[in-house]
Novice: 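Quick one: the structure is below, and I'll ask about it shortly.
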Amino acid sequence: MSPIPDTALNSPSDHLEGQFNASGHDMVNELLSGVRLRGLDYRRIEISTPYGLRFGEDQDETRAWFHFIAQGTVQLRTKTGATHVLGCGDAVLLPCAGIHDLYSEDGVALRSVDAFEKARLCDAASEIRACEEGVCRSKDNLIFSCAMEFDLGWLHPLAHLKPEVMHIETVPEHDPQIPAILDVMTAELKAKRPGYGVILTRLADVVAAAILRRWVETGCDVCGWVEAVRDPKLARVLAALHKEPGRSWSVADMASEMGVSRSVFAERFAELTKSTPQHYLTNLRMRLASQWIGRENLSLDEVADRLGYASVAAFSRAFKRTTGISPGAVRSSQS
């Protein structure tokens, strides 16, 4: 599957238009375009109650999980023990899920979802059916779940603010197309028409992306870094840094871009981003370098040149000092 759909995150909602000026709006699009949310393993689960399903036992804890309830009522227990009741039509994204459970009622025995026999639907999707004979199928629970690769990209400074569970409930108010997508998902899950597995994987990606975008718009407001994007003058500086990361920026240059003195700029930048301007720029450059080396397979010479370093050696030293690993290690991890 491809990275997060452009149409899901980069098309401005009315809510975004109301909160961000042009520079801030451009920055939000830039930041969200760096997010990587990619479905890895999708499952249609049709199961009779009572049941208990355990997810994430053999998964990296950095994996996200998406769950959509098309029929029935399900209880979700997160890795911290918090519980949530999910009804028909509910969808949730667990950013760093770890081991978590979906179950029909308290006290039921849990079974790893990986222990069930699966029927392949398409390359990335499979079906699990654990239905009791003689029971009306309308009483079964119908769930669509997937494990996802999740990298916040430029939003990495907000990583510590990620909630355990991101919920769909407030998304339809600002993305009116989402209820229709959920209705289509429900219809596809029930009708099982030819090719429905492929269609469901695409729709799940879009819904998960919409949940994530809603969090960026409102759920992380407590972070001054997002407030910086809402500041018209500072947003202009951030947009300029992202547009020209290889420029030889000084704090005075950034202050001039904002139209204030060097001292006022440095104070305002630190107040909102909790970072110094040069530290922000260095982190931006290294995240770009990681993307260009790992995903786009650019040579170190080209990366160093794009980011304004006089030599590969100078770039490599800066990269290792900032990230703790060498540029070559990034390339090796992607191969």
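Throughout, residue positions are numbered sequentially from 1 according to the sequence presented. Since the model is a prediction, treat every value here as computed from it, not as a measurement.
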Novice: Less than 6.0 Å separating the ring centroids of H84 and H67?
Specialist: no
Novice: Taking ring-ring contact (aromatic ring centres under 6.0 Å, His included) as the test, write out the residues that go with F66, two or more places apart.
Specialist: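 In terms of ring-ring contact (aromatic ring centres under 6.0 Å, His included), with neighbours along the sequence ignored, F66 is linked to no residue.
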Novice: Around atom CZ of R262, are there more than 12 heavy atoms of other residues, nucleotides or ligands at under 6.0 Å?
Specialist: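 Check fails, neighbour count at 12 or below.
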Novice: Going only through I, L, V, M, F, W and Y residues with side-chain contacts under 4.5 Å, is there a path from I69 to Y103?
Specialist: no
Novice: Roughly how far, to the nearest 0.5 Å, is the OH atom of Y51 from the CD atom of E132?
Specialist: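 Between E132 CD and Y51 OH, I get 13.5 Å after rounding to 0.5 Å.
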Novice: Show the numbers, then the answer: is there a side-chain contact (heavy atoms from CB on, under 4.5 Å) between R268 and V237?
Specialist: CA-CA 12 Å; R268 181 65 172 163; V237 178; over 6 Å; no
Novice: Heavy-atom distance under 4.5 Å between the side chains of L298 and R306, does that happen here?
Specialist: yes
Novice: Working to the nearest 0.5 Å, report the span between CG of L76 and CG of D90.
Specialist: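 Spacing of CG (L76) from CG (D90) equals 10.5 Å.
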Novice: S311 and A314: which non-hydrogen atoms are nearest, and at how many Å?
Specialist: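 What the structure gives for the nearest pair is OG-N, 3.1 Å.
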Novice: Is the shortest side-chain heavy-atom distance between E127 and Y196 below 4.5 Å?
Specialist: yes
Novice: Quick one: do L234 and M258 satisfy side-chain contact (heavy atoms from CB on, under 4.5 Å)? Show the steps, please.
Specialist: CA-CA 6 Å; L234 191 51; M258 188 171 173; 4.1 Å; yes
Novice: Hydrophobic clusters here meaning ILVMFWY residues chained together by side-chain heavy-atom distances under 4.5 Å, can you tell me if I178 and M185 are in one?
Specialist: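 Yes, because I178 and M185 connect within a single hydrophobic cluster, where side-chain heavy atoms sit under 4.5 Å apart.
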Novice: Which heavy atom of F265 sits nearest to which heavy atom of A255, and what is that distance?
Specialist: CB-CB, 3.6 Å
Novice: Indicate the atoms forming the closest heavy-atom contact of W65 with A97, along with that distance.
Specialist: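 Minimum heavy-atom contact is CD1-CB, 3.5 Å.
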Novice: Identify the two heavy atoms, one from A70 and one from K190, that lie closest to each other, and give their separation to 0.1 Å.
Specialist: O-CE, 4.1 Å
Novice: Could you check whether any side-chain N or O of R285 sits under 3.5 Å from a backbone N or O of P245, counting only pairs where one atom can act as donor and the other as acceptor?
Specialist: yes
Novice: Which distance, rounded to the nearest 0.5 Å, do you find between the CD1 of I45 and the CZ of F144?
Specialist: 9.5 Å
Novice: How far does CZ of F68 sit from CG of L182, to the nearest 0.5 angstrom?
Specialist: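 Reported to 0.5 Å precision, the distance equals 5.0 Å.
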Novice: Inspect the surroundings of CD in E105 and state if more than 12 heavy atoms from other residues, nucleotides or ligands are less than 6.0 Å away.
Specialist: yes
Novice: With a sphere of 6.0 Å drawn around CD of E117, does it hold more than 12 non-hydrogen atoms of other residues, nucleotides or ligands?
Specialist: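 Atom CD in E117 is not crowded, with 12 or fewer foreign heavy atoms closer than 6.0 Å.
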Novice: Apply the side chain to side chain contact (heavy atoms under 4.5 Å, CB included) test between L86 and each candidate in V92, I168, T73; give the one that qualifies.
Specialist: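 The side chain to side chain contact (heavy atoms under 4.5 Å, CB included) with L86 is passed solely by V92 among V92, I168, T73.
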Novice: Tell me, please, which residues at least two apart from C131 pass side-chain contact (heavy atoms from CB on, under 4.5 Å).
Specialist: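 E46, S48, R129, R137, D140.
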Novice: Are F315 and M286 close enough that some pair of their side-chain heavy atoms sits under 4.5 Å apart?
Specialist: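 Sidechains of M286 and F315: in contact.
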Novice: What pairs with D183 under side-chain contact (heavy atoms from CB on, under 4.5 Å), at least two apart in sequence or on another chain?
Specialist: none
Novice: Please check: side-chain N/O of R236 versus main-chain N/O of E257, any donor-acceptor pairing under 3.5 Å?
Specialist: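 A pair under 3.5 Å: yes.
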Novice: With the side chain counted from C-beta on, respond yes when V108 and Q75 share a heavy-atom pair under 4.5 Å apart, and no when they do not.
Specialist: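 They are not in contact (no side-chain heavy atoms under 4.5 Å apart), so the answer is no.
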Novice: F55 vs H100 aromatic rings, parallel, tilted or perpendicular, using cut-offs 30° and 60°?
Specialist: parallel
Novice: Would you say V113 ends up clustered with L110 if hydrophobic residues are merged whenever their side chains have heavy atoms under 4.5 Å apart, either directly or through other cluster members?
Specialist: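 No, because L110 and V113 fall into different hydrophobic clusters, even though each may have its own neighbours under 4.5 Å.
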Novice: Given side-chain contact (heavy atoms from CB on, under 4.5 Å), test L121 with L200 step by step and report yes or no.
Specialist: CA-CA 10 Å; L121 299 178; L200 282 167; 5.9 Å; no
Novice: Indicate yes or no: at least one non-hydrogen side-chain atom of L53 is less than 4.5 angstrom from one of I47.
Specialist: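 L53 vs I47: side chains touch.
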Novice: Once you round to the nearest 0.5 Å, how far does NE2 of H167 lie from CG of L94?
Specialist: 10.5 Å
Novice: For Q278 versus W249, what's the shortest heavy-atom pair and its separation?
Specialist: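 That closest heavy-atom pairing would be NE2-O, 3.2 Å.
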Novice: Would you mind reporting whether L284 and H242 have side-chain heavy atoms less than 4.5 Å apart?
Specialist: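 Answer yes - side chains close enough.
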Novice: Partners of D123 by salt bridge (Lys or Arg N to Asp or Glu O under 4.0 Å), sequence neighbours excluded?
Specialist: R120
Novice: Please report the C-alpha distance between L102 and N141 in whole Å, then the side-chain angles of each, then the deciding distance to 0.1 Å, and finally whether the side-chain contact (heavy atoms from CB on, under 4.5 Å) criterion is met.
Specialist: CA-CA 11 Å; L102 292 181; N141 278 188; over 6 Å; no
Novice: Side chains of L40 and R63: closer than 4.5 Å at any heavy-atom pair?
Specialist: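 In contact.
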Novice: Report the residues that fulfil side-chain contact (heavy atoms from CB on, under 4.5 Å) with I325, sequence neighbours left out, ordered by chain and then residue number.
Specialist: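 Partners of I325 by the side-chain contact (heavy atoms from CB on, under 4.5 Å) criterion, ordered by chain and then number, come out as F319, T323, A329, V330.
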Novice: Sub-3.5 Å donor-acceptor pair from the side chain of D253 to the main-chain atoms of S250, do we have one?
Specialist: yes
Novice: Does atom NZ of K118 have more than 12 heavy-atom neighbours from other groups under 6.0 Å away?
Specialist: yes
Novice: At what distance, to the nearest 0.5 angstrom, does CD1 of I99 lie from OG1 of T78?
Specialist: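 One finds 12.0 Å between CD1 of I99 and OG1 of T78.
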Novice: Heavy atoms only: give me the nearest R44-L189 pair and the separation to one decimal.
Specialist: NH2-O, 2.7 Å
Novice: Can any side-chain N or O of S145 pair as donor or acceptor with the backbone N or O of R43 at less than 3.5 Å?
Specialist: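 Here the side-chain-to-backbone pair does not exist.
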Novice: Taking side-chain contact (heavy atoms from CB on, under 4.5 Å) as the test, write out the residues that go with N297, two or more places apart.
Specialist: R331
